[in-house]
Amino acid sequence: MKKVLLLGDSIRMGYDEYVKDMLKGKCEVYYDDADNGRFAAYTLWQANQLFRKHGKFDVVHWNNGYWDMNIEAPMTEAIHPIDEYVHFLKRIIAEIRRNGADIIFATTTPVLTSGSSMDNTGTGVNIKYNNDWVIQYNDAAKRVAAEEKITINDLYTLMLQDKNCYKCEDRLHLTEEGYRLCAEQAVRLILEKL
């Protein structure tokens with residue numbers, strides 16, 4: 001049976017079970033259900049662990065962004081300024097290709113206002129967000145994807161269908177409806193690759 005790996009942050013963790021359920025019987029879906037992929041350098045490490053544990057995949061669907069653009073006090077700049085973000089995206093792409101998988105990169109979802117919220121996966125990190133940052137990081141990721149001929153799953157545009165961008169009370173993470181829509185779009189793109 002074909003194998004799919006889901007990588008990424010807490011947004012991925014919100015839709016991964018939906019994706020697994022929707023693809024049941026069509027392929028095996030893997031993800032780290034206990035650990036958030038956080039920022040791109042961490043996702044690079046996490047991908048390596050999952051490749052070592054589970055071997056070759058047919059498709060890897062992945063996202064990074066919110067953690068990379070986060071300015072976590074007492075730091076005064078993003079964990080990964082855009083040039084570093086791009087560097088690590090390219091490293092992840094190289095490792096996925098070395099694994100032999102096709103790649104789908106999911107854009108970061110929009111935020112309505114600037115603010116901050118605690119990560120909802122138990123890391124204890126306060127994530128600052130600003131939609132101008134989201135746009136800048138998404139633009140950088142889309143440029144890399146175009147150069148590398150990688151499929152984009154445009155979750156940013158998908159979430160704009162709702163006036164509140166399917167945001168839950170913390171204004172960073174999504175409602176269950178939002179996560180389900182993300183899963184449906186991810187599944188459509190995954191099935192196209194398979």
Next on the checklist: Just so I know, are the side chains of Asp162 and Thr175 near enough to count as touching, which here means a heavy-atom distance under 4.5 Å?
Outcome noted: no
Checklist entry - Are Met75 and Tyr129 co-members of a hydrophobic cluster defined by side-chain heavy atoms under 4.5 Å apart? => result yes
Item to check | Candidate pair Leu23 and Leu191, rule side-chain contact (heavy atoms from CB on, under 4.5 Å), full reasoning | outcome: CA-CA 9 Å; Leu23 289 173; Leu191 287 174; 3.6 Å; yes
Checklist entry - Out of curiosity, Thr107 OG1 to Leu158 CG, how far, rounded to the nearest 0.5 Å? => result 8.5 Å
Next on the checklist: So for atom CD, which belongs to Glu169, do other residues, nucleotides or ligands contribute more than 12 heavy atoms lying within a distance under 6.0 Å?
Outcome noted: no
Next on the checklist: Counting C-beta onward and ignoring hydrogens, is there a side-chain heavy-atom pair between Pro110 and Leu160 closer than 4.5 Å?
Outcome noted: yes
Item to check | Gln185 side chain near Asn153 side chain, heavy-atom distance below 4.5 Å | outcome: yes
Next on the checklist: Is there a side-chain contact (heavy atoms from CB on, under 4.5 Å) between Tyr15 and His61? Walk through the geometry before answering.
Outcome noted: CA-CA 12 Å; Tyr15 62 73; His61 179 284; 3.1 Å; yes
Item to check | Reported CG-to-CG distance for the pair Leu5 and Asp58, which is rounded to 0.5 angstrom | outcome: 11.0 Å
Item to check | Atom of Ala106, atom of Asn63 and distance for their closest heavy-atom approach | outcome: O-CB, 3.3 Å
Next on the checklist: If we ignore hydrogens and angles and just use 3.5 Å, is the side chain of Lys3 paired with the main-chain N or O of His54 as donor and acceptor?
Outcome noted: yes
Checklist outcome for this item: Note: Thr43 and Gly37 closest approach over all heavy atoms is OG1-O, 2.7 Å
Item to check | Lys56 vs Phe51 side-chain heavy atoms within contact, under 4.5 Å | outcome: no
Next on the checklist: Working to the nearest 0.5 angstrom, can you tell me the gap between Cys182 SG and Arg12 CZ?
Outcome noted: 13.0 Å
Checklist entry - Tyr156 and Asn131: side-chain donor and acceptor closer than 3.5 Å? => result yes
Checklist entry - Is there a side-chain contact (heavy atoms from CB on, under 4.5 Å) between Val144 and Lys90 once you walk through the steps? => result CA-CA 8 Å; Val144 170; Lys90 289 180 178 181; 4.1 Å; yes
Next on the checklist: Rounded at 0.5 Å granularity, tell me how far CG in Leu181 sits from OG1 in Thr109.
Outcome noted: 12.5 Å
Checklist entry - With side chains defined as the heavy atoms from C-beta onward, is the minimum distance between Asn48 and Leu44 less than 4.5 Å? => result no
Checklist entry - Listed by chain and number, what are the side-chain contact (heavy atoms from CB on, under 4.5 Å) partners of Glu192, not counting sequence neighbours? => result Arg188, Leu189
Checklist entry - Would Trp45 and Ile93 show up in the same hydrophobic cluster when neighbours are defined by side-chain heavy atoms closer than 4.5 Å? => result yes
Checklist outcome for this item: Here the side-chain hydrogen bond (donor to acceptor under 3.5 Å, both in side chains) pairs for residues 112-127, sequence neighbours left out, are Asn36-Asp119, Asn36-Thr121, Ser114-Asn130, Ser116-Asn126, Ser117-Asp170, Asp119-Thr121, Asp119-Thr123, Asn120-His173
Item to check | Donor-acceptor side-chain pairing of Lys193 and Thr151 below 3.5 angstrom | outcome: yes
Checklist entry - Which pairs pass side-chain hydrogen bond (donor to acceptor under 3.5 Å, both in side chains) with one or both residues in residues 73-85, sequence neighbours excluded? => result Asp68-His80
Item to check | Pairing residues for Tyr166 by the ring pair (Phe, Tyr, Trp, His ring centres under 6.0 Å) criterion, not counting sequence neighbours | outcome: none
Item to check | Non-hydrogen side-chain atoms of Asp32 and Gln46 separated by less than 4.5 Å | outcome: yes
Checklist outcome for this item: Closest heavy-atom pair, Gly65 versus Thr108, reported as atoms and distance to 0.1 Å, is CA-OG1, 3.5 Å
Checklist outcome for this item: Closest non-hydrogen contact found for Leu7 with Ala47 is CD1-CB, 3.7 Å
Checklist outcome for this item: Rounded to the nearest 0.5 Å, the CE atom of Met118 sits from the OG atom of Ser10 at a distance of 11.5 Å
Checklist entry - Can you name the nearest heavy-atom pair linking Gly55 to Asn99, along with the distance? => result O-ND2, 2.9 Å
Next on the checklist: I'd like to know if Met13 and Ile127 are part of one continuous hydrophobic network [Ile/Leu/Val/Met/Phe/Trp/Tyr, side-chain heavy atoms within less than 4.5 Å].
Outcome noted: no
Checklist entry - Is there a side-chain contact (heavy atoms from CB on, under 4.5 Å) between Leu50 and Tyr31 once you walk through the steps? => result CA-CA 8 Å; Leu50 292 164; Tyr31 47 84; over 6 Å; no
Checklist entry - Centres of the Tyr179 and Tyr18 rings: under 6.0 Å? => result no
Checklist outcome for this item: Smallest heavy-atom separation, Pro81 atom then Ala78 atom, equals CD-O, 3.5 Å
Checklist entry - Under the 3.5 angstrom rule, does the side chain of Lys167 hit a backbone N or O of Leu172 as a donor-acceptor pair? => result yes
Item to check | Inter- and intrachain pairs under side-chain hydrogen bond (donor to acceptor under 3.5 Å, both in side chains), touching residues 133-149, at least two apart | outcome: Arg97-Glu148
Item to check | Gap separating the OH atom of Tyr30 from the CG atom of Asp33, nearest 0.5 angstrom | outcome: 13.0 Å
Checklist entry - Considering residues at least two apart in sequence or located in another chain, which fulfil the salt bridge (Lys or Arg N to Asp or Glu O under 4.0 Å) criterion with Arg98? => result Glu95
Checklist entry - Do Leu194 and Val60 share a hydrophobic cluster (ILVMFWY, side-chain heavy atoms under 4.5 Å, transitive)? => result yes
Item to check | Common cluster, Ile79/Ile135, ILVMFWY with side-chain heavy-atom separation under 4.5 Å | outcome: yes
Checklist entry - Asn64 and side-chain hydrogen bond (donor to acceptor under 3.5 Å, both in side chains): which partner among Trp67, Tyr66, Trp62? => result Trp62
Item to check | Stepwise side-chain hydrogen bond (donor to acceptor under 3.5 Å, both in side chains) check, Tyr42 with Asp35 | outcome: CA-CA 10 Å; Tyr42 192 88; Asp35 196 8; 2.4 Å; yes
